[in-house]
Amino acid sequence: WGDDGHYAVCKIAQGYFEEETVVAVKKLLPESAAGELAAVCSWPDEIKKLPQWRWTSALHFADTPDYKCNYDYSRDCPKDWCVTGAIFNYTNQLMSASENLKSIVHYNLTEALMFLSHYMGDIHQPLHEGFLGDLGGNKIKVHWYNQETNLHRVWDDMIIESALEAYYNSSLTRMIQSLQAKLKYGWSNEVRSWESCQLNQPACPNPYASESIDLACSYAYRNVTQGTILGDDYFLSRLTVVEKRLAQGGIRLAATLNRIFSAKP
Ligand code: DCM
Ligand code: DCM
Ligand code: DCM
Ligand code: ZN
Ligand code: ZN
């Protein structure tokens, strides 16, 4: 996702934090966040091109083999070096340190929180598990209405931007409020299943990646080739998917952080 998507995921997550999570996150956030996790959720995108952070740039996605439309950890996350592996890794870092949080504020854990929060958003963007051959849609040039772009950017940014203009008076806050209302009144029965994680694991990103490539094949890539002009039909039928993925990302980020910080001995 772009900045708006990541902000939305983290803002939604914050509304589902348990008490201990609120306390722990507040301690770990950098000063610049002013107590708001959402304020720092795009940080991994800001730094990923800097030489000292270049190693993190492959952790934003887990590309899958062309046209297979499925995801497999051992095949698609070699050496744990992908978004799924990064979610496991940063969850483990926060878990192993969470007991000491009351006395020690460790700078690396601040980074771990920001990476985990960002990557939990990215794994829900369907094209972040897109095909290797087109770099998750980055190589597929399309027109978004009359604007030249690529399919990946349509899903990272354009659908959200167009929705903000068309329905939310260009206010991201209003769009987030709408998602919060849908979570409360529309998706309320599904939220529990979104939160659940098998085998008492703190994080279970593998199913999220499988869902994403499934959605990539049935919605993102569907009826799109080089040069396709995407307009109202595509926008209206895909916006529902984007909104649900942002909401799921928020719910699952909160659930994961709640499991990390509220873990009873
Ligand atoms: N790392 C990660 N995701 C993984 C594996 C490792 O983010 N799937 C991180 C942990 C370290 C950093 O990579 O902070 C550098 O690891 P190393 O020095 O072991 O290569
Ligand atoms: N894993 C880990 N540290 C990483 C990446 C992954 O401990 N940096 C572990 C946590 C998961 C497992 O890898 O339990 C996922 O791999 P698999 O599905 O092959 O067990
Ligand atoms: N991306 C991806 N798969 C790739 C390469 C990139 O999903 N193989 C994503 C990461 C960014 C976006 O596409 O969200 C643009 O990538 P970059 O900023 O590295 O050009
Ligand atoms: Zn992206
Ligand atoms: Zn990213």
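Sequence positions, counted from 1, serve as the residue numbers for this chain. Just so you know, ligand 1 is whichever comes first in the structure, and atom 1 is the first atom listed for that ligand. Quantities reported herein were computed from a predicted structural model and do not represent experimental measurements.
In terms of modelled atom types and a separation under 3.5 Å, the side chain of R245 and the main chain of Q125 share no donor-acceptor contact. Using modelled atom types, one side-chain atom of Y221 and one backbone atom of F131 make a donor-acceptor pair closer than 3.5 Å. Put simply, the side chain of R153 never gets that close to the backbone of M158: no donor and acceptor are under 3.5 Å apart.
Geometry note: the Zn ion (ligand 4) is the vertex, D156 OD1 and H152 NE2 are the arms, and the angle is 100° (rounded to 10 degrees).
Ring centers of H118 and H6: under 6.0 Å apart, within the cut-off.
Numbered from 1 in the order shown, with element, the atoms of ligand 3 that lie under 4.0 Å from a heavy atom of L127 read 7 (O).
One hydrophobic cluster, built from ILVMFWY side chains closer than 4.5 Å, cannot hold both L215 and L132; they sit in different ones.
Of all protein heavy atoms, the one lying nearest to atom 3 (N) of ligand 3 is D63 OD1, 3.2 Å. Of the protein's non-hydrogen atoms, K49 NZ, 3.9 Å is the one closest to atom 20 (O) of ligand 3. Protein heavy atom at the shortest distance from atom 15 (C) of ligand 3 is N138 OD1, 3.7 Å. Annotation: atom 18 (O) of ligand 3 to nearest protein heavy atom, K48 NZ, 3.1 Å.
Considering CD of E46 and CE of M114, their distance stands at 9.5 Å, rounded to 0.5 Å.
Counting backbone and side-chain atoms alike, D122 contributes no N/O/S atom closer than 2.8 Å to the Zn ion (ligand 4). At a cut-off of 2.8 Å, H60 is not counted among the residues with an N, O or S atom near the Zn ion (ligand 4).
The residue among R153, H60, H152 with a heavy atom at the shortest distance from atom 9 (C) of ligand 3 is H152.
Using a 3.5 Å distance cut-off with no hydrogens or angles, the side chains of R174 and Q177 do not pair a donor with an acceptor.
The nearest N/O/S atom of H118 to the Zn ion (ligand 5) is NE2.
Heavy-atom contacts from other residues, nucleotides or ligands closer than 6.0 Å to CD1 of I229 number 12 or fewer.
Looking at D122 against ligand 3, nothing comes within 4.0 Å, counting heavy atoms.
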